[in-house]
Amino acid sequence: VSLAGSASIDELDAIPVSHGLVWHPIRRRFDIRGFGVNAYTAEEVGGQVVEEHDESRLEHQELYVVLQGRATFTLDGETIDAPAGTFVFVRDPAVTRVAISEEDGTTVLALGGKPGEAFRVSAWEAMFAAIPAARAERWDEAIALHEEALRESPGSAPLLYNLACMEARGRRHLDALVHLRRAVELDPKFGALAARDSDLAAIRREPGFPA
Amino acid sequence: VSERPYAVLHLDELERVETSSGPELRPVRRRLGFGALGVNCWTAHAVGDRVIEEHREPDGPEELYAVVTGRATFTLGDETIDAPPGTLVSAPPGVLRGAIAAEPETTVLALGAPAGEPYVPLSWEEVYAAEGMRRRGDLDGARCTLRELVEACPDQWQGFYNLACFESLAGETDKALDALRRAVELNAEPVREYAADDEDFDSIRTDPRFEEALA
């Protein structure tokens with residue numbers, strides 16, 4: 001059951017991800033289990049407030065709400081001006097979407113889930129949540145966040161791969177190999193990625209490293 | 001909105017539907033066809049007006065509110081929360097919650113879905129949508145919407161009750177009485193209470209079958 005409480009978006013954790021995107025975890029803060037909900041801001045004008053992605057893997061419909069400022073959305077190549085109060089609904093998970101901040105303080109609320117199915121916590125949340133620990137090379141903390149998420153999503157190849165990277169950096173080589181091999185079994189594309197990923201340099205010559 | 005891969009809408013373009021509890025409903029989920037969770041805006045015009053009805057959601061959805069414009073004073077259990085724009089209020093099922101506007105034109109975004117089970121759109125959204133159609137003079141559209149609702153949710157009295165109202169307004173006495181009887185079968189107490197002074201039934205109230213339907 002989710003937690004009763006309140007918070008301003010300004011008071012939430014602010015985790016820089018990439019391309020200027022700052023993630024403010026809402027679902028995790030209140031332990032909401034019924035749907036996906038997060039907020040995004042940009043470090044500066046021109047930074048992303050929705051990272052470029054599609055939802056083909058999770059098959060989520062997503063609804064973005066511009067709460068403050070102004071953003072430019074690009075949906076499958078079409079550009080949309082989105083001032084505060086705009087709802088951008090992406091019905092088709094295959095649509096590639098990205099949004100850029102046009103004003104200081106632009107804040108976008110992102111809501112998502114797969115119609116007809118009970119919501120499941122997405123593995124990427126743990127990967128985002130582990131970013132500060134990984135940047136500070138606090139590997140045990142980053143690994144613990146991944147392990148916690150793995151209990152909910154044991155078949156998530158991206159999560160297993162990321163966990164293997166953290167373990168390799170944290171000198172837990174055997175665990176890293178086990179998780180990397182499992183990730184490659186589930187999704188062979190991670191084999192090619194592993195071959196050139198600097199996070200895995202410490203285990204690349206170990207027996208059992210996936211070819 | 002058609003089945004396009006995406007759709008864009010501004011808050012100012014949302015319909016405003018009057019509700020019996022006070023605030024205006026601004027339907028978002030239904031308008032867009034979003035299937036993953038409940039999403040609606042609620043607007044109060046004046047300071048002191050209710051913007052979120054005081055209620056619990058026993059065994060219902062987890063709900064999250066976000067203040068979009070104006071300012072609200074939320075109650076959450078025993079707590080009072082000053083909520084300017086950007087405030088999030090999380091209300092699990094069972095916790096009493098509500099909000100009053102502290103500034104004019106306060107709008108709150110309400111999100112909800114149950115944990116551990118698929119989201120199913122709630123019947124009250126259809127009832128309010130039908131009410132909006134009736135107010136715009138589209139009584140046939142309203143009746144059609146509620147007929148679809150009672151077919152989809154045959155165990156919920158609210159759909160039958162409102163269908164009875166609209167059939168009555170349309171002069172379809174037999175259909176109105178059939179719907180009213182079914183509403184009584186499902187939950188007699190509120191149906192009798194509402195029907196007692198509901199003007200929508202004025203045209204059939206003198207029909208002896210009206211009293212029989214409520215008996």
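Letters go in sequence order (proteins before strands), and every chain restarts at 1. Keep in mind that the numbers below use all heavy atoms, side chains included, and drop hydrogens, waters and symmetry copies.
No side-chain donor-acceptor contact under 3.5 Å links A/Arg91 to the backbone of B/Ala7. Side chain of B/His10 to main chain of A/Ala84: a donor-acceptor pair is present (N/O by atom type, distance under 3.5 Å, no hydrogens or angles). Under a 3.5 Å cut-off, the side chain of B/Glu117 and the backbone N or O of A/Ala118 do not form any donor-acceptor pair. No donor-acceptor distance shorter than 3.5 angstrom exists from the side chain of A/Glu117 to the backbone of B/Pro118, with no hydrogens or angles considered.
Counting only heavy atoms from C-beta outward, the side chains of B/Tyr6 and A/Val88 never approach each other to under 4.5 Å. A 4.5 Å side-chain heavy-atom check between B/Leu37 and A/Phe119 finds every atom pair outside the cut-off. Counting heavy atoms from C-beta outward, A/Phe73 and B/Val8 have side chains that stay 4.5 Å or more apart. Side-chain contact between A/Val37 and B/Leu88 is absent, with no heavy atoms from C-beta onward closer than 4.5 Å. Inter-residue side-chain proximity for B/Leu11 and A/Thr86 is flagged as unmet; no heavy-atom pair is nearer than 4.5 Å.
Here CG of B/Leu32 is found 8.0 Å from CZ of A/Phe87. Values are rounded to the nearest 0.5 Å. Atoms OG and CD1, from A/Ser8 and B/Ile81 in turn, are 12.5 Å apart once rounded to the nearest 0.5 Å.
The number of heavy-atom neighbours closer than 6.0 Å to NE2 of A/His173, taken from other residues, nucleotides and ligands shown, is above 12. Heavy-atom neighbours of B/Arg147 CZ from other residues, nucleotides or ligands within 6.0 Å: above the threshold of 12. By the 6.0 Å contact criterion, CZ on B/Arg16 is enclosed, its count of non-hydrogen atoms from other residues, nucleotides or ligands being greater than 12. Shown here is A/Asp76, whose CG atom has more than 12 heavy atoms of other residues, nucleotides or ligands within 6.0 Å. Counted within 6.0 Å of CG on B/Asp155, heavy atoms from surrounding residues, nucleotides or ligands total more than 12; the atom is thus considered enclosed.
When heavy atoms are compared at a cutoff of 4.5 Å, A/Ile80 approaches chain B solely by way of its side chain, counted from C-beta outward. Residue A/Ala39: no heavy atom, backbone or side chain, is found under 4.5 Å from chain B. Only the side chain of A/Val95 comes within less than 4.5 Å of a heavy atom in chain B; its backbone stays farther off.
In terms of heavy-atom proximity, B/Pro92 sits nearest to A/Leu3 at CG-C, 3.7 Å.
Across A/Arg29, A/Glu78, A/Gln68, the residue that shares the most heavy-atom pairs under 4.5 angstrom with chain B is A/Glu78. Between chain A and the options B/Ala36, B/Gly94, B/Pro5, heavy-atom pairs under 4.5 Å are most frequent for B/Pro5.
Within residues 57-67 of chain A, the residues approaching chain B closer than 4.5 Å by heavy atoms are, in numerical order, A/Gln61, A/Glu62, A/Leu63, A/Val65, A/Leu67.
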